Amino acid sequence: MTIRRAHLALGLFILVALMSLTWPLSVCFAQPLPLILGLPRGLFAICCWAAATFVVLLVYDRVLAKSHAQEDV
Amino acid sequence: MSADQQIIAVVGGYLALSLFVGIRAGKGVSDSATGFVAGDRAMGGVLMYFVTGATIFSAFAFLGAPGWAWSRGAAAFHILAFGVLGFIPFYFIGPAAARLGRRHGFVTQAELVAARLHSRPLAVVMALVSLLAFIPYLALQMRGSGHVLEVLTRGAIPMQWGAALVYGVVLIYVWRSGVMGVGWTNTLQGLFMMVLAWTLGLYLPYALHGGVGPMFAKIAEKDPGFLTLPGRTADGGDWSWSSYASSVFVMAVGFSFWPHLFQKAFVARSERVLRRTVVLYPTFLFFLLPILFIGFAGVGFDPPPDQADQILPHLLLHMDLPALVVGLFCAGALAASMSSGDAILHSAASIVVRDGWIVGLGRPLSPQAERHWVRLMLLPLLLVSYLVAVVFPVDIVGLLSYAYGPVGQLAPPVLGALFWSRATGRGALWGLVVGSVVTIWFSRFPVLPVHAGLLGLVANVLILVGVSLLVPARNSGATREA
């Protein structure tokens, strides 16, 4: 398996993992109270999820760019 | 100067600025179809960020999302959830499509898929699915902009005139500058929307409830279930977990495959720019957060609006705000409408010429002639959408709900064409047709508590895989050179 294919597989895994969070996120943060930072728990959780997705993608992108550069060399 | 005149002056200033930016954007672009449709494949990171963000957040974001929050409570959070995930597939398909686009000159989604799978009928069907979704979508943007102008000027600008004025401006800058006009105006509109959304999203909860925290505390005390996921249905019942999760899934899967968004893969300067756009995309979702605050601020407001998606203009009209603030909101709503409408109009015209005429009918055109015809096609498409929006009493939202489903069905043929070497044109074509029919059927006659698009996707994938493996392709000797 080439590095590119390995990263594609890893990326798809991350995508599936992020998608599968939809359900538990909805269930775990269903309780309306207490409110966190003034936001309902569900909304707060989705905001954290958005921030975490951004960070995961950023790290993944950095790693991918580095190994592509190595592979090209 | 009267209040109406002040509002009209603010809106006029905004439209003049959009026109100026849109016309200037076309300078330095080649006079070929690639220049007009794909900006000579040279768009940078900042433009890509705003093009993809502002294109997706249409009049729905400014009017529909607060309406969901006001009427369905926590159900509105699913808009953020699918937005967070929706662009991730583009991280993989975008660079792959861009590479093929550069090598073979592709500028549309259907053209790429049809060439990879050696199927002209597939290009025509994909183009038809795209247009069936685009025309009601464009009509909805037009009606939204005309309606906002009519309501907030208290009838001084009738809906028909407002829609014609706004989309006259769009026509001029798209005609003059093509995709670069779309890109630079979307950057202006995106920035404007962000500033306005945060201003109104913090101001309205403060003015009506004393702040964002006190607003949610008040709602939670009065009706705790309203802020509990997965929220309510349109008629006030409880939305099911399966409907919530499958809606997020289907919307997230279909997101990257909207043809006008997918086309941006052919526009970016490099694969690096495309990947960075996807990485940064979840940050654009924070723009939607204050939009939801606006909807929640209207909970308990007396008198309530007649329709949920009127909550924002309704609040502004009944709160006795300065005309300048109302005018700025009006311009923000127009920005939301225009930033989606221009991209759709531009994409629809290129799809008709490239996928319908050149690929579907096999009639090649010179680059200059192609650009000329794409420009000419802007006129009938805009006219048809305008007629649907303001002349014929069609239920656009109802029409759109049927048109939306099949767009998500474009995902399997695109993924098959890019990543599965055994996919065939027949398999993709029949999968798309059956998936679209299943989606429309179960939207009309629901049997399971899941999004109809999910059932369509299952049927689509099964047919694509089954037909590709079992039925030999007509041109089985052909290779995937494209």
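All of these numbers come straight from a predicted model, not from anything done at the bench. Lettering follows sequence order; numbering is per chain, from 1. What's counted below: heavy atoms across the whole structure, side chains too, no hydrogens, waters or symmetry copies.
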Using the side-chain contact (heavy atoms from CB on, under 4.5 Å) definition, which of the options A/V59, A/L57, A/T53, A/V55 pairs with B/V279? A/L57
For atom CZ of B/F286, is the number of surrounding heavy atoms from other residues, nucleotides or ligands below 6.0 Å larger than 12? yes
Heavy-atom count around B/F301 CZ within 6.0 Å, excluding the residue itself: above 12? yes
Rounded to the nearest 0.5 Å, how far does CG of A/L39 lie from CE of B/M215? 8.5 Å
Inter-residue atom distance A/C47.SG - B/L80.CG, 0.5 Å rounding: 6.0 Å
Under 4.5 Å from any heavy atom of chain A, what part of [X] do you find: side chain, backbone, both or neither?
X	result
B/L280	both
B/F296	neither
B/F226	neither

When heavy-atom pairs shorter than 4.5 Å are enumerated against chain A, which of B/V84, B/T283, B/V278 gives the highest number? B/V84
Under the side-chain contact (heavy atoms from CB on, under 4.5 Å) rule, what do B/R276 and A/L58 come out as? Steps first, then yes or no, please. CA-CA 8 Å; B/R276 273 199 193 140; A/L58 194 65; over 6 Å; no
Please give me the minimum heavy-atom distance between B/P282 and A/A50, naming the atom from each residue. CB-O, 3.7 Å
Minimal non-hydrogen separation, B/F293 against A/L43, with atom names: CE2-CD2, 4.2 Å
May I ask you to test the B/Y91-A/Y60 pair for a side-chain heavy-atom distance under 4.5 Å? yes
Is there side-chain contact between A/I46 and B/L285, with heavy atoms separated by less than 4.5 Å? no
